[in-house]
Amino acid sequence: MAIPSFIHDLIARGALFVSNDSGGKDSQAMLAELCALVPADQLIVMHAHLPDVEWEGSEEHIRRNAGDIPVIIAHAASTFFEMVERRGMFPSPKNRQCTSDLKRGPIEREIRRYLQANPQFGGLIVNCMGLRAQESSGRSKLQPFKLNERNSKAGREWYDWLPIHDWSTDQVFARIAAAGQEPFWTYAKGMKRKSCCFCIFATDEDHTTAAGLVPSLYGRLCATERRLGFTLSMSQRTLPEITGIAA
């Protein structure tokens, strides 16, 4: 990976680098790169825990690959199902409260706490995310590096960086293999993405695979769809219509 000079400058200034980690392939490959670039005492791993909808073994996988790098678990004030019940609907591309309320908000809160408890970083933060251009047209338009003005206050200088934004899927898996690691177990079961077990952005194939891997969660989601009259999928088809599997 070609490292921009300003990243080297931020390392030299003693910035704290935060590797956001879902346990998926992109997070894992990004962390492997960061571990080779950033001094260990300037690097932490941040994971947003998602009760009920997170794949089993996610935290263990993240901690195993992080080695001696500190891993901080961020907890939201409510669970995914509590959020859905409160709103009376599932998240949508225009109202992605699952991202803002359950992931981004709790992670940013924990970063602020860590900075406050560790003044040696001087409030200088590089928040790293494994978003890639190849994943979607929306992500292809993201700036790989920018000042986060919203969080750059109260003595903080906060940057957002997408270290592997231009990587292909093949490069991601190759980097994981080069680190002597294995991808998360769901990829071997046929899942193409590793986010929540069921996701509004998942393909029909991933929903079908997940239904077989976590049938109890599948049944709970199907029951929630029926009760709310609102579908998880953006296609407005119910999960049983997508998967062909009765709840």
Under the salt bridge (charged side-chain N to carboxylate O under 4.0 Å, His left out) rule, collect the residues that match up with [X], sequence neighbours excluded.
X: Arg64; value: none
X: Glu108; value: Arg150
X: Arg175; value: Glu33
X: Asp52; value: Arg220

Flag side-chain contact, heavy atom, 4.5 Å: [X] against [Y]:
X: Asn95; Y: Met89; result: no
X: Leu232; Y: Leu239; result: yes
X: Cys35; Y: Ile69; result: yes
X: Ile164; Y: Gln171; result: no
X: Cys197; Y: Val214; result: yes
X: Met234; Y: Pro93; result: yes
X: Val18; Y: Cys128; result: no
X: Ile44; Y: Met46; result: yes

No-hydrogen, no-angle side-chain donor-acceptor test under 3.5 Å, [X] and [Y]:
X: Asn148; Y: Asn127; answer: no
X: Glu54; Y: His49; answer: yes
X: Tyr159; Y: Ser152; answer: no
X: Lys103; Y: Ser22; answer: no

**Full working for side chain to side chain contact (heavy atoms under 4.5 Å, CB included) between Thr224 and Val84** = CA-CA 9 Å; Thr224 303; Val84 169; 4.1 Å; yes

**Message:** Please determine whether salt bridge (Lys or Arg N to Asp or Glu O under 4.0 Å) holds for the pair Glu110 and Arg113, giving the CA-CA distance in whole Å, both sets of side-chain angles, and the decisive distance to 0.1 Å.
**Reply:** CA-CA 5 Å; Glu110 292 303 324; Arg113 285 178 176 173; 2.9 Å; yes

Do you know the tightest heavy-atom contact between [X] and [Y]?
X: Arg156; Y: Leu115; answer: CD-CD1, 3.8 Å
X: Tyr218; Y: Ala211; answer: CD1-CB, 3.6 Å
X: Pro91; Y: Ile200; answer: O-CG2, 3.4 Å
X: Ala202; Y: Arg193; answer: N-NH1, 4.4 Å
X: Pro183; Y: Ile176; answer: N-CG2, 4.0 Å
X: Thr208; Y: Ile242; answer: OG1-O, 4.1 Å

**Chi angles and distances behind the salt bridge (Lys or Arg N to Asp or Glu O under 4.0 Å) call for Asp26, Lys194** = CA-CA 9 Å; Asp26 299 328; Lys194 195 278 179 188; over 6 Å; no

[X] side-chain N/O to [Y] backbone N/O, donor-acceptor pair under 3.5 Å:
X: Gln28; Y: Asn65; result: no
X: Arg104; Y: Ile107; result: no
X: Asn151; Y: Trp158; result: no
X: His47; Y: Ile73; result: no
X: Thr209; Y: Glu205; result: yes
X: Gln42; Y: Pro39; result: no

Taking a hydrophobic cluster as the set of Ile, Leu, Val, Met, Phe, Trp and Tyr residues connected by side-chain heavy atoms closer than 4.5 Å, whether directly or through intermediates, do [X] and [Y] fall within one such cluster?
X: Met191; Y: Leu221; answer: yes
X: Phe198; Y: Ile245; answer: yes
X: Val172; Y: Val45; answer: yes
X: Ile72; Y: Leu31; answer: no

In a table with atom names and distances, give each donor-acceptor pair under 3.5 Å that connects a side chain of residues 75-83 to protein atoms at least two apart or in another chain.
residue : atom : partner : partner atom : Å
Thr79   : OG1  : Glu82   : N            : 3.2
Glu82   : OE1  : Thr79   : N            : 2.8

**Prompt:** So among Arg132, Lys25, Lys192, which one has a side chain to side chain donor-acceptor pair (under 3.5 Å) with Thr169?
**Reply:** Arg132

Could you list the donor-acceptor pairs under 3.5 angstrom formed by side chains in residues 138-145, with sequence neighbours left out?
residue : atom : partner : partner atom : Å
Arg139  : NH1  : Glu135  : OE1          : 2.8
Arg139  : NH1  : Glu135  : OE2          : 3.2
Ser140  : OG   : Ser137  : O            : 2.6
Lys141  : NZ   : Ser137  : O            : 3.3

**Message:** Can you tell me how far apart CD (Glu225) and OG1 (Thr231) are? Round to the nearest 0.5 Å.
**Reply:** 6.0 Å

**Item:** Rounded distance (nearest 0.5 Å) linking atom OH of Tyr114 with atom CD1 of Ile125
**Value:** 10.0 Å

Name all residues meeting the ring-ring contact (aromatic ring centres under 6.0 Å, His included) criterion together with [X]; count only those two or more places apart in sequence or in a different chain, and write none if there are none.
X: Phe184; answer: His61
X: Phe230; answer: none
X: Trp55; answer: Trp185
X: Phe201; answer: none

**Message:** Are more than 12 heavy atoms, taken from residues, nucleotides or ligands other than Glu241, located less than 6.0 Å from that residue's CD atom?
**Reply:** yes

**Message:** Around atom CD of Gln120, are there more than 12 heavy atoms from other residues, nucleotides or ligands closer than 6.0 Å?
**Reply:** yes

**Asked** Would Glu59 and Val71 count as a side chain to side chain contact (heavy atoms under 4.5 Å, CB included) if you check the C-alpha gap in whole Å, the side-chain angles of each, and the deciding distance to 0.1 Å?
**Response** CA-CA 9 Å; Glu59 186 176 332; Val71 176; 5.7 Å; no

**Asked** Of all residues at least two apart in sequence or in a different chain, which pass the side-chain hydrogen bond (donor to acceptor under 3.5 Å, both in side chains) check with Ser233?
**Response** Ser235

Scan the side chains in residues 3-14 for donor-acceptor partners under 3.5 Å anywhere in the protein, sequence neighbours excluded, and list what turns up.
residue : atom : partner : partner atom : Å
Arg13   : NH1  : Glu157  : OE2          : 3.2
Arg13   : NH2  : Glu157  : OE1          : 2.9

